[in-house]
There are 2 protein chains.
Amino acid sequence: MKLLTRAEELILWAVLRLKKEAYCLPIHAEISRVTDENWSLGSIYMPLDRLVKKGYLVSRLSDSTPERGGRRKRIYRLTPEGYKALKNARKVQDRMWEKMPGKLEDI
Amino acid sequence: MKLLTRAEELILWAVLRLKKEAYCLPIHAEISRVTDENWSLGSIYMPLDRLVKKGYLVSRLSDSTPERGGRRKRIYRLTPEGYKALKNARKVQDRMWEKMPGKLEDI
DNA sequence: AAAGTTTTTATTATATTATATACCTTTGAC
DNA sequence: GTCAAAGGTATATAATATAATAAAAACTTT
């Protein structure tokens, strides 16, 4: 299985976490929060599309909501393959750190 | 602080782990092992160089060893900045998974 | 001892893919 | 018609993957 890029991993993670609210803007906000960096929106859309093409995500359009600017949202959801890829990414991380000290202070 | 790419993170990790044996071929082997993928050597050299340019690694040439083909090795070592960047990458990962179930089975 | 061979390591060139930046478009309510 | 929220595109830059080549050291052969 091909390893995810960092952006792909963060996006799959955010989609899993956000559940029914997994559309672009919250995904963007969640990733910016957890990485403590400013991501541009384009840096989210393009990997999102790629993940759909790869079969890791599927999307649907929600109904519009009765708020100003409340247009239909494109909601994403993990496929079993996407879930598997994310689990694999995490497994690699676990392997990396399992024999390293807890807070990485022994330099 | 700019987030590391996946290759950069894996390389800093391997260098930290391999200590005095941190030259390209063992780094390559260690990364292939932990990710369970076949990396080409070029995919190690180029990020290695970049990490040196960014000030995250320094390198020196070892003496040659008395074995067939035992030419001098270029040994890498983390700078304090490199160490800090790796710690930060790990911190982001910890934040990602801290409220997610242990083995990610609740889909 | 000189010349060629094999092994280990380092390095470069280039094509492909991913990311970042800066825009533009659509939709719905006010 | 304007404003706000969301979706989307174009393009430049950067990173990764692939496929070679080059150098150095010891071994082998003559």
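Residue numbers start from 1 in every chain, and the chains themselves are labelled A, B, ... in the order their sequence lines are given, proteins ahead of strands.
For B:Arg77, the side chain to side chain contact (heavy atoms under 4.5 Å, CB included) partners at least two apart in sequence or on another chain are B:Val58. Applying the salt bridge (charged side-chain N to carboxylate O under 4.0 Å, His left out) criterion to A:Lys54, with sequence neighbours excluded, gives A:Glu8. Judged as a salt bridge (charged side-chain N to carboxylate O under 4.0 Å, His left out), and not counting sequence neighbours, A:Arg68 has no contacts. When the side chain to side chain contact (heavy atoms under 4.5 Å, CB included) test is applied to A:Ser64, the partners found at least two apart in sequence or on another chain are A:Arg72.
If you measure from atom CG of B:Leu25 to atom P of C:dT9, you get 5 Å, rounded to the nearest angstrom. As rounded to whole Å, 11 Å separates atom C1' of C:dT26 from atom OH of A:Tyr45. Remark: C1' of C:dA10 and CD1 of B:Ile75 are 12 Å apart, rounded to the nearest angstrom. The nearest whole Å value for the distance from the CD1 atom in A:Ile11 to the P atom in C:dA18 is 12 Å. The distance between atom CG of B:Leu61 and atom P of D:dA24, rounded to the nearest whole Å, is 11 Å. The nearest whole Å value for the distance from the CD atom in A:Glu37 to the C1' atom in C:dT19 is 12 Å. Between the CG atom of A:Leu48 and the P atom of C:dA20 there is a distance of 14 Å, rounded to whole Å. Between the CZ atom of A:Arg68 and the C1' atom of D:dC3 there is a distance of 4 Å, rounded to whole Å.
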Short heteroatom pairs, N/O only, protein and nucleotides 14-16 of chain D, under 3.5 Å:
residue, atom, partner, partner atom, Å
D:dT16, OP1, B:Thr5, OG1, 3.0
D:dT16, OP2, B:Arg50, NH2, 2.5

Taking only N/O atoms, report every protein-nucleotides 20-23 of chain D pair under 3.5 Å with atom names and distance.
residue, atom, partner, partner atom, Å
D:dA23, N3, B:Arg71, NH1, 2.7

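Remark: A:Arg33 engages A:Glu30 in a salt bridge, criterion side-chain N to carboxylate O under 4.0 Å.
Contact annotation: A:Tyr23 side-chain N/O to D:dA6 OP1/OP2 distance is under 4.0 Å. Between A:Arg74 and D:dG8 there is a side-chain polar atom (N or O) within less than 4.0 angstrom of OP1 or OP2.
The hydrophobic cluster containing A:Met46 does not contain A:Trp13, counting ILVMFWY residues as joined when their side-chain heavy atoms lie under 4.5 angstrom apart, directly or transitively. A:Val34 and A:Leu25 fall into different hydrophobic clusters, where Ile, Leu, Val, Met, Phe, Trp and Tyr side chains are chained together by heavy-atom contacts under 4.5 Å.
For the pair A:Ile11 and A:Tyr76, the minimum side-chain heavy-atom distance is 4.5 Å or more. Using a 4.5 Å heavy-atom cutoff, the side chains of A:Thr5 and A:Pro47 are not in contact.
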